[in-house]
Amino acid sequence: MTRSADLRSLLERPVLEAAPRLLGAVLRHGDVACRLTEVEAYDGAHDPGSHAYRGPTPRNAVMFGPAGHLYVYFTYGMHWCANVVTGPEGEASAVLLRAGEVVAGLDLARERRPGTRDRDLCRGPARLARALGLDRDVLGVDLLDPASPVRLLPGEGAGDVLSGPRVGLSAGHETPWRFWLADEPTVSPYRPGRPLR
DNA sequence: CGACCGATTTGCT
DNA sequence: GCAAATCGGTCGT
């Protein structure tokens, strides 16, 4: 990861460049903090899988705003998922936070996800959002503003980054959309992947 | 106004 | 491994 001063400029980079470098960074909401171990890139304008693909709507408006803000959406009638907006303003790309390791506020995280093993607390995008207490209340907050309830903080150096193509997309079979840290128990079970160049 | 879909998780088999 | 649960956004009538 990078130092704090570089976070803003990193997030303004193209999403495929910013996404893997978010691994190891820490997302904190109140007392609960999570070290990111798995993310996925969504390229607003060109990615059919992106919520921004069909243009701006009230729901995805945050994606079209400046980088570094939190895009939270509700899906499957019961889950919230969290994204970090990246790229130049108006490009509407974002990084879906898929998994992480709870590094602070373990008690509260367990409370929010009863009966869950610690390593599963943030294993999966909706699980991560739940453990951190992320919902519409924090939609659009600036993660780089020290006054925000949700903050993105630089992490220690991360281990090896693996990447793999996202299934179900016709375009971008050559492009790695998914990034995760090797040898992390909090990452989703098994994915075929290769080291990031 | 109504129908259909979805960047998923969970629980049961 | 598979199906249920559950509802806001989006689009068509």
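Note that the structure is predicted; figures quoted are calculated from it, not measured. Sequence lines set the chain letters: A, B, ... in the order given, protein chains first and strands last, and positions in each chain run from 1.
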So, does [X] use its side chain to make a donor-acceptor pair with the main chain of [Y] at under 3.5 Å?
| X | Y | result |
| --- | --- | --- |
| A:N83 | A:Y71 | yes |
| A:S93 | A:T86 | yes |
| A:R130 | A:A126 | no |
| A:N60 | A:T57 | yes |

Could you write out each protein N or O paired with an N or O of nucleotides 10-13 of chain B at a distance under 3.5 Å?
from	atom 1	to	atom 2	distance (Å)
B:dT10	OP1	A:R113	NH1	3.2
B:dT10	OP1	A:R113	NH2	2.9
B:dT10	OP2	A:R127	NE	2.6
B:dT10	OP2	A:R127	NH2	2.5

query: Around A:R113, counting heavy atoms of other residues, nucleotides and ligands shown, do more than 12 lie under 6.0 Å from its CZ?
result: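 Enclosed.
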- prompt: Can you tell me if CG on A:D135 sees more than 12 non-hydrogen neighbours from other groups inside 6.0 Å?
  reply: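 Yes, the 6.0 Å shell around CG holds more than 12 heavy atoms from other groups.
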message: Please tell me if A:T57 has a side-chain N or O lying less than 4.0 Å from either OP1 or OP2 of C:dG9.
response: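 So the side chain of A:T57 is outside the cut-off, no N or O lying under 4.0 Å from OP1 or OP2 of C:dG9.
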statement: Dot-bracket assigned to DNA chain C with the 3.5 Å Watson-Crick/G-U criterion, [ ] for crossing and | for other-strand pairs, is |||||.||||||.
Nucleotide [N], atom [atom2] - distance to [atom1] of [X] in whole Å:
| X | N | atom1 | atom2 | value |
| --- | --- | --- | --- | --- |
| A:L96 | B:dT8 | CG | P | 8 Å |
| A:R123 | B:dT8 | CZ | P | 14 Å |
| A:Y53 | B:dG6 | OH | P | 14 Å |
| A:M78 | B:dA7 | CE | P | 14 Å |

Choosing from [options], which nucleotide comes nearest the side chain of [X]?
| X | options | answer |
| --- | --- | --- |
| A:R54 | C:dC11, B:dA7, C:dG8 | C:dC11 |
| A:F74 | B:dT8, C:dT10, C:dC7 | C:dC7 |
| A:H51 | C:dC11, B:dA7, C:dT10 | B:dA7 |
| A:R136 | C:dC11, B:dA7, C:dG8 | C:dG8 |

field: Close side-chain approach of A:L16 and A:D43, heavy atoms under 4.5 Å
entry: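 Of all side-chain heavy-atom pairs linking A:D43 with A:L16, none is under 4.5 Å.
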- prompt: Below 3.5 Å, does any donor atom in the side chain of A:Y76 face an acceptor in the base of C:dA5, or the other way round?
  reply: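 Result: no qualifying N/O pair found.
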query: Going by atom types only, do A:Y53 and A:H46 share a side-chain donor-acceptor pair under 3.5 Å?
result: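 No, because no side-chain N or O of A:Y53 sits under 3.5 Å from a partner of the opposite role on A:H46.
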message: Aromatic contact between A:H51 and A:Y73, with the criterion being ring centroids under 6.0 Å apart: yes or no?
response: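 Yes: the rings meet the under 6.0 Å criterion.
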- prompt: Do A:Y73 and the base of B:dA7 stack face to face, with centres under 5.5 Å apart and an angle between planes under 30°?
  reply: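 So no, this residue does not stack on that base, at least one cut-off failing.
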